[in-house]
S.K.: 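Got a structure for you, written out below as structure tokens; questions coming shortly.
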2 protein chains.
Amino acid sequence: MTRLSFKEQVHRVREDAIVGAVNRLLAAKGYELMTVDEVAAEAGLSKASLYKHFTSKEELAAAAMVRALDRALHQVQEQARRVPEPGPLAQLQDLVRWTLRTQLEGEMPSLPAQNSRLVAALKEHKDYMNRLLELSDRMGEWILAAQASAEIDPELPPELALYTLFARACDPVVGLLKAGGQHSDEQIVEWVTATTFRGLAGAPAPAKRKTR
Amino acid sequence: MTRLSFKEQVHRVREDAIVGAVNRLLAAKGYELMTVDEVAAEAGLSKASLYKHFTSKEELAAAAMVRALDRALHQVQEQARRVPEPGPLAQLQDLVRWTLRTQLEGEMPSLPAQNSRLVAALKEHKDYMNRLLELSDRMGEWILAAQASAEIDPELPPELALYTLFARACDPVVGLLKAGGQHSDEQIVEWVTATTFRGLAGAPAPAKRKTR
DNA sequence: GTCTATACCCGGATAGAC
DNA sequence: GTCTATCCGGGTATAGAC
């Protein structure tokens, strides 16, 4: 890892400001409603200069997602450092809590799965895909381990658990509860975490279910 | 209820085709990516004619949501007719199952909560708001009843349950599982329904939870 | 690499004939 | 009410000077 020149450092800081702006705007308005003009204004440079750093709006979005995934992976490492031997379920729960907190702070970017052009661009984006797969792999291992100990219902397909946990990053329930103004952020985090994992938990007493 | 003239009937059928197209396009691409040109093409008339029926894109979206809410309310009635005395939990479960099936069929429209212009327009839209409130009220009553019998955790705020159930209408887990192609639609419906209601259920055995 | 100015296109909405 | 043709704002992306 070589020392960065002054110029390169400035470059880094600038791009960080840009990605930070994209991150916030993606969280606040979503991809379609976010305009490149806004990004430039918030990052404090002109639109033309911005396009020297990132060649398209899609690249901007990808960069923001890469940073978000990096933060998630960093979070995973930090948490492994704090607790000596955390169980797989505790790891997953802490990751979900971090996700919900980030969302409550307006710092969780999320992209529309419906925009096929954007989705295609992301699939070609190596930095993004690598990180996404790495995070999925780690979570997948924890899920399997938690299923082995029946902390997560072994009957459920592991993808269901994975998708369910990922979906907390864009859960509308969080924003609706916050908008109500009745509850603290931490309370919201705990409720959503609890209901999510209770839903995935092994069934101790099978409730009566309609047979069809 | 007076008999409709032939002309009025044609009018109705035309508007139904329009709203149907909006419904499908909202489900497939979302509000921002749906263009009025597409709606007109799919409904089989010109854009200018379409604007004689609905005065704006927002009106189109509202009309689709009104129809979706009407279908949900109709579903509620049908189900009350089939079963003589359904418990509140069974009512909620059946409604969620219907929601998930509709989503799997690509017939569940959903709007971005981030578009403030659209949200403001909907809040002023009486037909929409009346139906939304009616459905919320019905569900709210069932939730309170289910909490009274501890089928839903009485410790949870009822709004949390309400939002959680509403959120199934745009749950990304459904689409991801379907995209995987490994499971039948009915299996997906049952899994998501089960995890949702297990998550909201009263806690029989409190799991160990990290205190912070 | 940064700026100002602009090309270019797309999409919502409308004009005006029939 | 339906159509064809058009307006016009706004958004992505670029030209070209410094």
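These figures come from a predicted structure and were not determined experimentally.
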S.K.: Using a 4.0 Å cut-off on heavy atoms, which residues in residues 11-23 of chain B reach DNA chain D? List them by number, or say none.
M.R.: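 Arg14(B) - these, ordered by number, are the residues of the stretch whose heavy atoms sit under 4.0 Å from the strand.
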S.K.: What pairs with Gln182(A) under side-chain contact (heavy atoms from CB on, under 4.5 Å), at least two apart in sequence or on another chain?
M.R.: none
S.K.: I need the residues from residues 49-63 of chain B with at least one non-hydrogen atom less than 4.0 Å from DNA chain D; give them sorted by number, or say none.
M.R.: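 Under 4.0 Å from DNA chain D: Ser49(B), Lys52(B), His53(B).
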S.K.: Only pairs at least two apart or in different chains count here, so list each salt bridge (Lys or Arg N to Asp or Glu O under 4.0 Å) that has a residue in residues 60-77 of chain A.
M.R.: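 Salt bridge (Lys or Arg N to Asp or Glu O under 4.0 Å) check on residues 60-77 of chain A returns Asp70(A)-Arg131(A).
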S.K.: Excluding sequence neighbours, so at least two apart, what forms side chain to side chain donor-acceptor pair (under 3.5 Å) with Glu58(B)?
M.R.: Arg117(B)
S.K.: Return the set of residues passing side chain to side chain donor-acceptor pair (under 3.5 Å) with Ser56(A) (not counting sequence neighbours), or none when no residue passes.
M.R.: none
S.K.: Ala169(A): what forms a side-chain contact (heavy atoms from CB on, under 4.5 Å) with it, not counting sequence neighbours?
M.R.: Thr99(A), Met108(A)
S.K.: Not counting sequence neighbours, which residues clear side chain to side chain donor-acceptor pair (under 3.5 Å) with Lys52(A)? List them please.
M.R.: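 Listed in chain order: nothing, the list is empty.
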S.K.: Figure out the CG/C1' separation between Leu118(B) and dG12(C), and round it to whole Å.
M.R.: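 In whole Å, dG12(C) C1' lies 14 Å from Leu118(B) CG.
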S.K.: Answer yes or no: is there an ion pair linking Arg138(B) with Glu134(B), defined by an N-O contact shorter than 4.0 Å?
M.R.: yes
S.K.: Nucleotide range of DNA chain D contacted by chain B, 5' to 3', under 4.0 Å to a heavy atom?
M.R.: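 It runs dT2(D) to dT4(D).
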S.K.: Listed by chain and number, what are the side chain to side chain donor-acceptor pair (under 3.5 Å) partners of Asn130(A), not counting sequence neighbours?
M.R.: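 Applying side chain to side chain donor-acceptor pair (under 3.5 Å) to Asn130(A) gives none.
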S.K.: Name all residues meeting the ring pair (Phe, Tyr, Trp, His ring centres under 6.0 Å) criterion together with His53(A); count only those two or more places apart in sequence or in a different chain, and write none if there are none.
M.R.: His11(A)
S.K.: Going by atom type alone, with no hydrogens or angles, which donor-acceptor pairs under 3.5 Å involve a side-chain atom of residues 119-127 of chain B and a protein atom two or more places apart or on another chain?
M.R.:
residue	atom	partner	partner atom	Å
His125(B)	ND1	Tyr128(B)	N	3.2

